[in-house]
Q: 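Below: one structure in structure tokens.
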Amino acid sequence: MKVKMLSKSSADHVRERTSDINKVKRNLDPELHPLEKPREYTRAVRAAKLERMFAKPFLASLDGHIDGVYALAKNPWKLDLMYSGSGDGEIRAWSLSNQATIWRKANAHQGLVSGIIVVPETTNSFISAGTDKTVKIWSLDQNEPSQNDINQLNHNASNTDHILPVSVYSGKEAFLGIDHHRSNSQFATCSSEVSIWDVNRSQPILNLAYGCDTINSVKLNQSEVNVLASTGSDRTIVLYDLRMSTPIVKLTMSLKSNALSWNPMEPFIFAAANEDHNAYLFDMRKMDHATNVLKDHVSAVMDVDFSPTGAELVTSSYDRTIRIFNTASGHSRDVYHTKRMQRVFTTKFSCDNKFILSASDDGNLRLWRAQASQRVGSKSNRERSKLEYMDTVKSKFSHLPQVRKILRQRNLPRDIRKATLTKRDMIASRKTKENNVRAHSKPGAVPFKSERTKNILNVTSK
């Protein structure tokens, strides 16, 4: 005789990882919840306040350099490893988790270290370029300290003359920038021209020039590996193709660009940090206008770097701040600064998209959170669901004044705040004057120029 019994699992009515809290069954019929929107609006305001309350982006200051730090590099094979070069020629390798130096070479260059780049096919080798007309390849394996030696390296200025470079390449002029090819054993340097080097040869295998006295920076595209871009002191941005050994496009702007960065997810998009306080996004297929203009800085933008996701970028400026932008927005979503931080010359996203490292001319490297209120660590499913819900209601009501004000408000230093207000008045006066001239001129005599085209003077293609 068979007896059929009804049974049900406890997972259907008990919450995960608990045995005493029952699941709540909800009827989502809007007629049964007439106060749903006011309740969610209250939750959005509370979530915005909590975000700003727990926003503590600054993590650590990495001390060790005695001169300004002007070069940074991240290792894609080791998330914990970063390299820095200073104005006195010193190079250091840092462990971000230990917040200490793990490798150090004093007087690596007889002058400023202008650039550092990691060799892609290796995990412990990197290349440095300096204003002493040399490029050097280094290996961490030559002086990899034990855990007991990290503090001694970080605080003791011991002699490091026994550390020798793996290879040395000499040029005729001071090198101002360097970048490595994604797959080949080649790297590019810039001075008065862009030079392509093979690691197995002592002389450049290719020299590229387009009528510029000084080239400030050079960046190879990591997806379209035969394309590279450079910025010059004559306010130009030039694209080159290694397959044709000639320049492709020359773009002339109203002011000089200081740095470049390629989008890792969209190979045709790159960002340029400009002296006119803005950063520009360009599509290399159509260079007659910028795809976006990133504003809010009040002094020259010195460096720009995309996040690994390609959805955000970070800029460093002469106004002693760094700002984080969404690529689709023209204004920064956050701004970081400290009382003692001086002019920031370079900044990088970490390869896991969670941290930002900045270097300034006060000799310090500073470690920041990419999301100011985000905390690192494992989270339960309930906590993760709660955070996702808070982000959703904030996004849903972010257009309302009270939520928008809480999310956007930032406390800035007094001089930056005054400069921002002065700049705002100047821009408004220029627009008023332009509108008045246009209103009292013949139709078409004063054409309207958008923000994305008015700073582009000329585009030349070959």
Q: Please confirm whether the backbone N or O of Lys74 pairs with a side-chain atom of Lys348, one donor and one acceptor, at under 3.5 Å?
A: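 Flag not set: sc Lys348 to bb Lys74 has no pair under 3.5 Å.
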Q: Would you tell me whether Thr134 and His109 have side-chain atoms, one donor and one acceptor, within less than 3.5 Å of each other?
A: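 Judged by distance alone, the side chains do pair up.
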Q: Is any side-chain N of the basic residue among Arg243 and Asp241 closer than 4.0 Å to the acidic one's carboxylate O?
A: yes
Q: Are any non-hydrogen side-chain atoms of Leu281 and Leu313 less than 4.5 angstrom apart?
A: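 Of all side-chain heavy-atom pairs linking Leu313 with Leu281, at least one is under 4.5 Å.
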Q: In residues 400-410, what donor-acceptor pairs under 3.5 Å come from side-chain atoms, sequence neighbours left out?
A:
| unit_1 | atom_1 | unit_2 | atom_2 | d |
| --- | --- | --- | --- | --- |
| Gln402 | OE1 | Tyr41 | OH | 3.0 |
| Arg404 | NH1 | His399 | O | 2.6 |
| Arg410 | NE | Asp334 | OD1 | 2.8 |
| Arg410 | NH1 | Leu407 | O | 2.8 |
| Arg410 | NH2 | Arg333 | O | 3.1 |
| Arg410 | NH2 | Leu407 | O | 3.4 |

Q: Under 3.5 Å, is there a donor-acceptor pair linking the side chains of Arg43 and Tyr389?
A: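 Indeed, the side chains of Arg43 and Tyr389 share at least one donor-acceptor pair under 3.5 Å.
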Q: Using a 6.0 Å cut-off, check whether atom CZ of Arg414 has over 12 heavy atoms from anything other than its own residue.
A: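 Check fails, neighbour count at 12 or below.
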Q: What's the shortest heavy-atom distance between Arg182 and Val225, and which atoms?
A: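 Heavy atoms only, the tightest pair is CB-CG1, 3.6 Å.
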Q: If I take atom CG from residue Asp362 and atom CZ from residue Arg343, how far apart are they, to the nearest 0.5 angstrom?
A: 10.0 Å
Q: Under 3.5 Å, is there a donor on one side chain and an acceptor on the other for Ser316 and Asp303?
A: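 No, no side-chain donor-acceptor pair sits under 3.5 Å.
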Q: For Asn411, I'd like to know if atom CG has over 12 heavy atoms of other residues, nucleotides or ligands within 6.0 Å.
A: no
Q: Let me know which of Leu220, Asn221, Leu228 forms a side-chain contact (heavy atoms from CB on, under 4.5 Å) with Glu224.
A: Asn221
Q: Assess whether a salt bridge exists between Lys418 and Asp415, defined as any Lys/Arg side-chain N lying under 4.0 Å from an Asp/Glu carboxylate O.
A: no
Q: Which is it for Asn258 and Lys256 under the side-chain contact (heavy atoms from CB on, under 4.5 Å) test, yes or no, and what are the steps along the way?
A: CA-CA 6 Å; Asn258 293 314; Lys256 182 185 73 171; 3.3 Å; yes
Q: Is the shortest side-chain heavy-atom distance between Tyr70 and Leu112 below 4.5 Å?
A: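 Yes, side chains in contact.
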Q: Parallel, tilted or perpendicular: which fits the ring planes of His297 and Phe325, with parallel below 30° and perpendicular above 60°?
A: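 Geometry flag for Phe325 against His297: tilted rings.
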Q: Distance check, rounded to the nearest 0.5 Å: Ser317 atom OG versus Ile322 atom CD1?
A: 11.0 Å
Q: Quick one about Ser329 and Asn326 (side-chain donor to acceptor, distance below 3.5 Å, no hydrogens or angles considered), yes or no?
A: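 There is no such pair (donor and acceptor under 3.5 Å, judged by atom type) between the side chains of Asn326 and Ser329.
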Q: Treating Asn364 as the side-chain partner and Asp63 as the backbone partner, does any N or O pair qualify as donor plus acceptor under 3.5 Å?
A: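 Between the backbone of Asp63 and the side chain of Asn364 there is no qualifying donor-acceptor contact (under 3.5 Å).
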Q: Taking only residues two or more places apart in sequence or in another chain, which ones pass side chain to side chain contact (heavy atoms under 4.5 Å, CB included) with Ala129?
A: Ser114, Val135, Phe175, Ile178
Q: Verify, without hydrogens or angle tests, whether Asp67 (side chain) and Ser86 (backbone) share a donor-acceptor contact under 3.5 angstrom.
A: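 Pair absent, no side-chain N/O of Asp67 close to backbone of Ser86.
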Q: Please report the interatomic distance OG(Ser360) to CG(Leu365), rounded to the nearest 0.5 Å.
A: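 Those atoms lie 8.0 Å apart.
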Q: Is there a side-chain contact between His337 and Arg320 in this structure, where contact means two heavy atoms from C-beta onward sitting under 4.5 Å apart?
A: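 Side chain of His337 against side chain of Arg320, heavy atoms only: no contact under 4.5 Å found.
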Q: Below 4.5 Å, heavy atoms only, C-beta onward: do Thr327 and Asn292 meet side chain to side chain?
A: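 Sidechains of Asn292 and Thr327: no contact.
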Q: Minimum heavy-atom separation for Val69 to Thr346, with atom names?
A: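 Shortest heavy-atom contact: O-CG2, 4.4 Å.
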Q: If we only count heavy atoms from C-beta on, is the Val301 to Leu294 side-chain gap below 4.5 Å?
A: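 They are not in contact (no side-chain heavy atoms under 4.5 Å apart), so the answer is no.
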Q: Under 4.0 Å between a Lys/Arg side-chain N and an Asp/Glu carboxylate O for Arg323 and Asp319?
A: no
Q: For the CG atom of Asn278 and the CE atom of Met253, what is their distance to the nearest 0.5 Å?
A: 8.5 Å
Q: Relative to the ring of Trp94, is the ring of His65 parallel (under 30°), tilted (30 to 60°) or perpendicular (over 60°)?
A: tilted
Q: Once the angle between the rings of Trp368 and Phe58 is folded into 0 to 90°, is it parallel (under 30°), tilted (30 to 60°) or perpendicular (over 60°)?
A: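 It falls in the perpendicular class, over 60°.
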Q: Output yes when a side-chain donor or acceptor of His181 lies under 3.5 Å from a complementary backbone atom of Asn184, and no otherwise.
A: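 Judged by distance alone, yes, a pair lies under 3.5 Å.
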Q: Please report the shortest heavy-atom distance between Ser350 and Lys354, naming the atom on each side.
A: OG-N, 3.5 Å
Q: Would you check, one step at a time, whether the test side-chain contact (heavy atoms from CB on, under 4.5 Å) holds for Trp77 with Thr122?
A: CA-CA 8 Å; Trp77 307 104; Thr122 63; over 6 Å; no
Q: Among Asp276, Thr231, Asn274, which one satisfies side-chain hydrogen bond (donor to acceptor under 3.5 Å, both in side chains) with Ser257?
A: Asn274
Q: Quick one: does Tyr280's side chain get under 4.5 Å of Asn455's, heavy atoms only?
A: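 SC-SC contact between Tyr280 and Asn455 confirmed.
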Q: Which distance, rounded to the nearest 0.5 Å, do you find between the CG of Asn263 and the OG1 of Thr309?
A: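 Those atoms lie 8.5 Å apart.
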Q: About how many Å separate OG1 of Thr123 and CG of Leu81, when rounded to the nearest 0.5 Å?
A: 9.0 Å
